[in-house]
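Shown next, in structure tokens, is the structure this report addresses.
Note on naming: letters A, B, ... go to the chains in the order of the sequence lines (proteins, then strands), and numbering restarts at 1 for each one.
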Protein chains: 2
Amino acid sequence: MARDNAQRKHRVSMLDIATAAHVSPSTASRALNGHPKVSDEARKAVLDAAEKLGYVRNLGAASLASSQSNTIGLLIRDVGNQFYGGLASHVQAETDRYGFDLLLATGGDSVESQMRAVRNLLGHGVGGIIIASGRVAAQVADYAAKFVPTVVLASGLELPSLNSVRIDPQMEAKLAHIVVDHGHRNIAVTASSDSLASALHARIANFLTELIVAGAETTIISLANDDTDIDKKIDEVLDSGATAIMAGNDSIALSVLEYLDSAGIACPGEVSVTGFDGIGPYRSSLFGLTTVEQPIDKLAHEAVKLMSRHLHDESPHTSQVLVRGRFIEGRTLGSVRGSAN
Amino acid sequence: MARDNAQRKHRVSMLDIATAAHVSPSTASRALNGHPKVSDEARKAVLDAAEKLGYVRNLGAASLASSQSNTIGLLIRDVGNQFYGGLASHVQAETDRYGFDLLLATGGDSVESQMRAVRNLLGHGVGGIIIASGRVAAQVADYAAKFVPTVVLASGLELPSLNSVRIDPQMEAKLAHIVVDHGHRNIAVTASSDSLASALHARIANFLTELIVAGAETTIISLANDDTDIDKKIDEVLDSGATAIMAGNDSIALSVLEYLDSAGIACPGEVSVTGFDGIGPYRSSLFGLTTVEQPIDKLAHEAVKLMSRHLHDESPHTSQVLVRGRFIEGRTLGSVRGSAN
DNA sequence: CTGAAAGCGCTTACAG
DNA sequence: CTGAAAGCGCTTACAG
């Protein structure tokens, strides 16, 4: 209680507690790690001493000595992004359940910064890495996989050499199909000009494939990262006769809705809009956005489960897991005038 | 390129690169750390070898040996929360600028889980800890501060013994004042029944103080964490004559707006609503929410700056930094009928 | 400018 | 069940 406050220098070490508990460092270590072959006496003495002295285990030293690690790293592109932030939150919950410690690192948009983040995680001795980002370069994932078990989560990357967990592409096809079923035959799809945006690219590709197969005419709205030009581009596709806009995600859909609102263009009266992700405020009934909900809880669950298997078993084969999403019926998708619903 | 893929066991160590570069480990270490007193020859040889061999420095071992650390830890309650997620993202950007590595840990709602997160960070040898959470127990912050420099960010905690950075409470007062200026005299304020929600508590207290001083009548809407009962509570305060509801943050404000919308109660016609935070989709013109924008970029900037000072200087005194926010005029705050605006 | 040596805090065969 | 000892990968006075 009444301790000097400038004494944050000397951290109490395992040796300190071994001494206090009158046992050897070996026994202290074993007791602290819940090793079975320790007498109850010894265990209690050690645990009490640790508690009393406020011991904090030096994880770096521990994993150095054991060349094992109980902590897994999560590389996230941007926790400021509602979807990935939510995903991270669920991954946290899952690793908790499994008893792993979680270390998050965020890697910006460049390959370089992602590499740095991975190296940072690796440097801290994580036993495995989960990469949750719509913008991973395959090269970053490959690099990580060279060192520790790696699973790529909710990204567009799906190489046979990589473990991955993502939403079933069926959902993307299904959404496209639903739009067509509403009578739309001229449909604009937003695309990203960012080469790293693999999740978006994969999604758009799935949309387009389905639309084309269904015989719809498609237009692409190419968006840069912070596109301020979106208004003009929307006007253009509208002029060219598009009756629906399928946005790559809810955030983009929201930008579209905002523009339509400001321009006095009725939605879905004049043009329908769909999103993707279905997370947080984007789900608000006030928006009424027609979208697909990505099951971030299940995605996180599968990712950690897969990681756990790789950490424990020797199963050296990689796997690609798909989880189902859910269609959210909103008010922004309407039927084309004069068509059957 | 064509390496065996099962060989992820042996990581290349500094010794490997020292050998490859024909120098001693000492020199290798110095070269890698950018130590000035190394010949250009040696430095180049080492750096080349490191690059070629794909060296990843073991940060744990490094900080173990030097008892120093260049990485700082960020404890975040929930990155799934738009505000804290965004804040984390900015903190990341700032630590990058300063050349720190960042490790994130998320601590759930309980003191216990927060403690665990802090211990985890500490165990990984971080040199300092930033706690960004609206729900920190003072005890957690105190604990962290016992070991490393600690700054509490955007929380309600503001003890003289703790470094803190938060939005100027003036902004909270100002918002309350603006509401009164719109002629409202009977105002409901949402409050949280969660004892850990210090940021919310501080905010509510500031609202109430200002409202009471301004002579308004106030009612408190007490909300549990996942309150499903919010509808009834809103009805009650409306029945009792409230003409405005000041929500503790935008997310709560959104819930209120959704209910009003579903119940067909006009906003701001029959009742005005304000939020707080002003981040991301909550800022959408489609909501038109009247709120206050927290300057997360500045908050992050000040927090990291403060941390940096504590890491480098010896300045042992703690400081409390306040940054200004910005009032966002939306459409959800209206004037009371028959009052001056 | 460079190396040999000791040590950071832990774990883990190895021998009791 | 327990301890002495060696070693994990690094850094840093200390002596050249």
Side-chain angles (χ1 to χ4, degrees), chain A residues 9-47 49-50 53-71 101 119-120 122-127 147, chain B residues 9-47 49-50 53-71 101 119-120 122-127 147:
Chain A
K9 239 61 248 255
H10 182 58
R11 255 127 112 153
V12 355
S13 73
M14 224 190 57
L15 207 149
D16 294 325
I17 86 148
T19 308
H22 303 294
V23 297
S24 71
S26 324
T27 299
S29 170
R30 287 189 269 251
L32 256 9
N33 287 314
H35 200 97
K37 300 188 167 306
V38 180
S39 69
D40 288 349
E41 279 185 284
R43 185 188 315 282
K44 186 174 185 325
V46 169
L47 263 25
L53 270 40
Y55 173 63
V56 177
R57 197 227 241 65
N58 183 326
L59 266 16
S63 80
L64 181 57
S66 69
S67 61
Q68 280 193 41
S69 167
N70 191 43
T71 112
D101 283 324
R119 226 173 273 124
N120 189 208
L122 249 19
H124 280 286
V126 299
F147 297 95
Chain B
K9 240 62 247 258
H10 181 58
R11 255 127 110 154
V12 357
S13 74
M14 223 189 58
L15 207 149
D16 294 325
I17 86 149
T19 307
H22 304 293
V23 297
S24 71
S26 324
T27 299
S29 170
R30 288 191 268 252
L32 257 8
N33 287 313
H35 200 96
K37 299 189 166 309
V38 180
S39 69
D40 288 349
E41 277 185 284
R43 185 189 314 284
K44 186 174 185 326
V46 170
L47 263 25
L53 271 38
Y55 173 64
V56 176
R57 194 223 248 66
N58 183 326
L59 266 17
S63 81
L64 180 58
S66 69
S67 61
Q68 280 194 39
S69 167
N70 191 44
T71 111
D101 283 324
R119 226 173 274 123
N120 190 209
L122 249 19
H124 280 286
V126 299
F147 297 95

*Any-strand Watson-Crick or G-U partner of C:dT2, both distances under 3.5 Å*: D:dA15
_Using side chain to side chain contact (heavy atoms under 4.5 Å, CB included), reason through B:His124 and A:Thr71 one step at a time and then give a plain yes or no._
CA-CA 10 Å; B:His124 280 286; A:Thr71 112; 3.4 Å; yes
*Is the backbone N or O of A:Pro25 less than 3.5 Å from a side-chain atom of A:Ser29, with the two atoms forming a donor-acceptor pair by type?*
no
_Per A:Asn33 side chain, nearest of listed nucleotides C:dG7, C:dC14, C:dT11_ = C:dT11
_Phosphate-side-chain proximity, B:Ser67 and C:dC8, N/O vs OP1/OP2 below 4.0 Å_ = no
*Could you give the NZ-to-P distance, from B:Lys37 to C:dT2, as a whole number of Å?*
11 Å
*Atom pair OG/CG of A:Ser24 and A:Leu15 - distance to nearest 0.5 Å*: 10.0 Å
_Close residues, residues 54-63 of chain A, relative to DNA chain C [heavy-atom separation under 4.0 Å]_ = A:Tyr55, A:Arg57, A:Asn58, A:Ala61, A:Ala62
_Without decimals, in angstroms, what is the distance between B:Asp16 CG and D:dC8 C1'?_
13 Å
_B:Ser69 side chain to B:Ser63 backbone, donor-acceptor under 3.5 Å_ = no
*asked:* Just the rounded figure in Å: distance from C1' of D:dC8 to CD of A:Gln68.
replied: 13 Å
*Polar pair under 3.5 Å, donor/acceptor by atom type, side chain B:Ser26, base C:dA4*: yes
_Spacing of the C1' atoms in D:dG16 and D:dT12 (rounded, Å)_ = 15 Å
*Is there a side-chain contact between A:Asn58 and B:Leu122 (heavy atoms, below 4.5 Å)?*
no
*Atom NE2 of A:His22 and atom P of D:dT2: how far apart are they, to the nearest Å?*
15 Å
*asked:* Which is more 5' along DNA chain C, the nucleotide nearest B:Arg43 or the one nearest B:Ser66? Just name the residue.
replied: B:Arg43
*What integer distance in Å separates B:Met14:CE from D:dC10:P?*
6 Å
*So does B:Ser29 get a side-chain nitrogen or oxygen closer than 4.0 Å to the phosphate oxygens (OP1/OP2) of D:dC10?*
no
*Distance in Å, B:Leu53 CG paired with B:Met14 CE, rounded so as to fall on 0.5 Å steps*: 13.0 Å
*Separation of B:His35 atom NE2 from D:dT11 atom P, in whole Å?*
12 Å
*Please state how far atom CG in A:Leu64 lies from atom P in D:dA6, giving the value in whole angstrom units.*
18 Å
*Any donor-acceptor pair under 3.5 Å linking the side chain of A:Arg43 with the backbone of A:Val38?*
yes
*C:dC8 phosphate, OP1 or OP2, under 4.0 Å from A:Ser13 side-chain N/O*: no
_Distance check needed: C:dC8 C1' versus A:Leu15 CG, whole Å only._
12 Å
